[in-house]
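Working notes, beginning with the structure itself.
All residue numbers refer to positions in the sequence shown, counting from 1. In each ligand, atom 1 is the first atom listed, and ligand 1 is the first ligand listed.
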Amino acid sequence: TEMIDKEVVIIGSGYGGSVAALRLCEKNIPVTLLEMGLDWEKSGEKFSPMINPGHSAAWLKTKTIAPFMNLFRLEKFTGALDRLDFEHIKIWVGRGVGGGSLVNGGMAVTPKKEYFKEMFPNLDTEKFYSHYFPLANKELKTNVASEEFLDGCDFYKFKRVGEEEAKNAGFKTVRVPNVYDFKYMEKEYKEEVPRSALAGEVIYGNNHGKNSLDKTYLKKATATGKLEILELHKVNHISQNPDKSYSIDISVINTKGEEIQHKIINAKKLILSAGTMGSLELLLKSKAVAQFSIDENIGKEWGNNGNFMTGRNWVKAFSGGTGFKQSTIPVGGIDHWEDKEHPFFVEIAPLPMGMNVATSLYLMVNKLKKFGEVNYNLKEQKLDLNWDKSHTVHMKDNAKYFLKTMNKANGGTRSHLLFHNGFGADVCYHPLGGIVLGKATDQFGRLNGHKNLYVIDGSLIPGTIGVNPFVTITAIAEYCMEEIIRKDFV
Ligand code: FAD
């Protein structure tokens, strides 16, 4: 076992970890960033498209783990997409330098001000909307596709059909910003540059076009010369030393997932940014196996951000379905959030299967009626999630209402082949909460009962934010790090 001392260590290189790294490095503070996944750019490995899954398709699995159509065998490899399976819910997460930004759809949505205020009554809402959200969007390189391009591009037929049908049904549609560079996509369309979004790349990573964190925050942080990124470093647990520093127990792994070295890094200051499930696992497991002291609120107020997948089979036979060719990058949304009875937001999602399946896919974001709770199961050495059908029954009602309204106006049926009879209550892309800001931490992400331990990631958001969450995670990370650096790093 190798023992190393460090001043500041961050665990996890997703949105929270990348913001923390940049803001510390900018202030000349050396940072060590531990990431269990691969540094894809350095590795020279390519990301694979959905219809031809390769190394990037799954984290150490022998079969693909997409939300549907898992017909492909795989070689075990430290891939970019992972899925955590619980009895009533499956949670997808990104692995690698850049975390979820490597595999996500890039939808960069600022939440509704009223809902943000409801979720975070103690934060300065005005400052968030005048400063932290604009800052996050600028650093993430959020942009919006030109309407002219979308109208003329055959890869966006699914979006035109989806929006037209939504309008027919009386729903309000909205244009959704993204971090995929739409100027690049226009060039892809003209075949002036290599295709990525227009070549079926997304949940197994994009080789071009997407401004994932390795191209934004982490690139800037690396340019300071102060950032050390250690890939394939999987943290097992943490403990506290008598001098109050933190010991981080690490397995260095190869791309087959085998431990090739055991390391202990001692850190004076430790930032947990392992993502909602990762940070929860580290804290709850460390308590169970290393008597690490944690606040009683840890594990509470967890939620799936109201994620619910559904789909419709499209029956206007003569008009050609949703298109043979589909961009992987969503741009359309349906905003039904203000409705009293059935409040929801819908992403009009692509289904880039390489064939015209005449199916519309929708990712719904609903409100939560009841939080879940996360615990550590010492016997089975894994997280337990208190989450069942009772948590999603109102989301299913919303999905039924949505499909009924759409079908009545446009024809079509529920897509019985997708998910469970057309209802994906167990599909979760947006796990949030469990280490809630102002409850398990102070108002800036300092963990209760600890002096030099911070949590900066999606776990700070109490289970729901009403839209796709990474812009909010980034803005909250910016806000927390500003205060933490000012007060704790002088
Ligand atoms: P993450 O981005 O999850 O980063 C955590 C990092 O920590 C990971 O790289 C992980 O490998 C690492 N880690 C975890 N445990 C350990 C450990 N023990 N040791 C070392 N490293 C560890 N959101 C949107 O806003 N818009 C979208 O369009 C969108 N689409 C999505 C599509 C998919 C398929 C998925 C899976 C997610 C999507 N999301 C989307 C969600 C978004 O990606 C996440 O909310 C976001 O990445 C969470 O950020 P984070 O900082 O909390 O953690």
Measure the distance from atom 18 (N) of ligand 1 to every protein heavy atom, then report the residue, atom name and distance (to 0.1 Å) of the closest one.
-> V235 O, 3.0 Å

Begin from the C-alpha positions of N468 and E347 and carry the test side-chain contact (heavy atoms from CB on, under 4.5 Å) through to its verdict.
-> CA-CA 9 Å; N468 316 57; E347 166 192 330; 3.5 Å; yes

Ligand 1 to F470 polar contact by distance, N or O atoms, under 3.5 Å | yes

G106 heavy atoms, cut-off 4.0 Å: which ligand 1 atoms fall inside?
-> 27 (C), 28 (O)

Any N/O of Y15 closer than 3.5 Å to an N/O of ligand 1?
-> yes

Short list, please: which atoms of ligand 1 are under 4.0 Å from a heavy atom of G94?
-> 8 (C), 9 (O), 10 (C), 11 (O)

Top protein contact for atom 2 (O) of ligand 1, by heavy-atom distance | G100 N, 2.9 Å

Evaluate the side-chain proximity of V144 to F182: yes if any heavy-atom separation is below 4.5 Å, no if none is.
-> no

Ligand 1 atoms in contact with M107 (distance to a heavy atom under 4.0 Å) | 24 (C), 25 (O), 26 (N), 27 (C), 28 (O)

Indicate, with yes or no, if the rings of Y132 and F128 have centres closer together than 6.0 Å.
-> yes

For atom 44 (C) of ligand 1, grab the closest protein heavy atom and report residue, atom and distance to one decimal in Å.
-> I473 CD1, 4.5 Å

Considering the heavy atoms of I203, write down every atom of ligand 1 situated less than 4.0 Å from one of them.
-> 34 (C)

May I ask you to identify the nearest protein heavy atom to atom 7 (O) of ligand 1, giving residue, atom name and distance to one decimal place in Å?
-> G12 CA, 3.2 Å

Nearest neighbour in protein (non-hydrogen) for atom 29 (C) of ligand 1 | N104 CB, 3.4 Å

Pull out every atom of ligand 1 sitting under 4.0 Å from any heavy atom of G99, numbered as shown with elements.
-> 2 (O), 4 (O), 8 (C), 9 (O)

So which bit of A108 gets within less than 4.0 Å of ligand 1, heavy atoms only: side chain, backbone, both or neither?
-> neither

So among E35, R95, E231, which one has a side chain to side chain donor-acceptor pair (under 3.5 Å) with S13?
-> E35

Top protein contact for atom 12 (C) of ligand 1, by heavy-atom distance | E35 OE1, 3.4 Å

Protein heavy-atom partner closest to atom 13 (N) of ligand 1 - residue, atom, separation in Å = M36 SD, 3.7 Å

Go through the structure and list residues passing salt bridge (Lys or Arg N to Asp or Glu O under 4.0 Å) with K90, not counting sequence neighbours.
-> D426

Would a 4.5 Å heavy-atom cut-off, applied to side chains only, mark K113 and F133 as touching?
-> no

Of the protein's non-hydrogen atoms, which lies at the shortest distance from atom 14 (C) of ligand 1, and what is that distance?
-> A274 O, 3.2 Å

In ligand 1, the atoms that come under 4.0 Å of a heavy atom of G96 are 9 (O)

Determine whether H336 and N398 make a side-chain contact, defined as any pair of heavy atoms from C-beta on separated by less than 4.5 Å.
-> no

Are W337 and F345 close enough that their ring centers fall under 6.0 Å?
-> no

Any non-hydrogen atom of H233 lying under 4.0 Å from ligand 1?
-> yes

Say whether S196 and N206, considering side chains only, have a donor N or O and an acceptor N or O under 3.5 Å apart.
-> yes

Contact summary for I250 and H262, nearest pair of heavy atoms | O-CD2, 3.2 Å

W92 to ligand 1: N or O pair under 3.5 Å?
-> no

Do ligand 1 and G16 have nitrogen or oxygen atoms that lie under 3.5 Å from each other?
-> yes

Does the ring center of Y479 lie less than 6.0 Å from the ring center of F444?
-> yes

Taking only heavy atoms of R95 into account, list the atoms of ligand 1 that are under 4.0 Å away from them.
-> 10 (C), 11 (O), 14 (C)

Heteroatom distance test (G105, ligand 1): nitrogen or oxygen, under 3.5 angstrom = yes

Measure across A274 and D457 and return the closest heavy-atom pair with its distance rounded to 0.1 Å.
-> N-OD2, 3.3 Å

Residues in salt bridge (Lys or Arg N to Asp or Glu O under 4.0 Å) with K117, at least two apart?
-> none

If we only count N/O pairs under 3.5 Å, is P469 in contact with ligand 1?
-> yes

Tell me, yes or no, whether the heavy-atom count around K382 atom NZ, taken from other residues, nucleotides or ligands under 6.0 Å, exceeds 12.
-> yes

Would you check the N or O atoms of V93, main chain and side chain alike, for any that come under 3.5 Å of an N or O of ligand 1?
-> no

Any atoms of ligand 1 less than 4.0 Å from a non-hydrogen atom of G458? List them with their elements.
-> 52 (O)

Residue pair Y15 / T474, side-chain donor-acceptor N/O under 3.5 Å | no

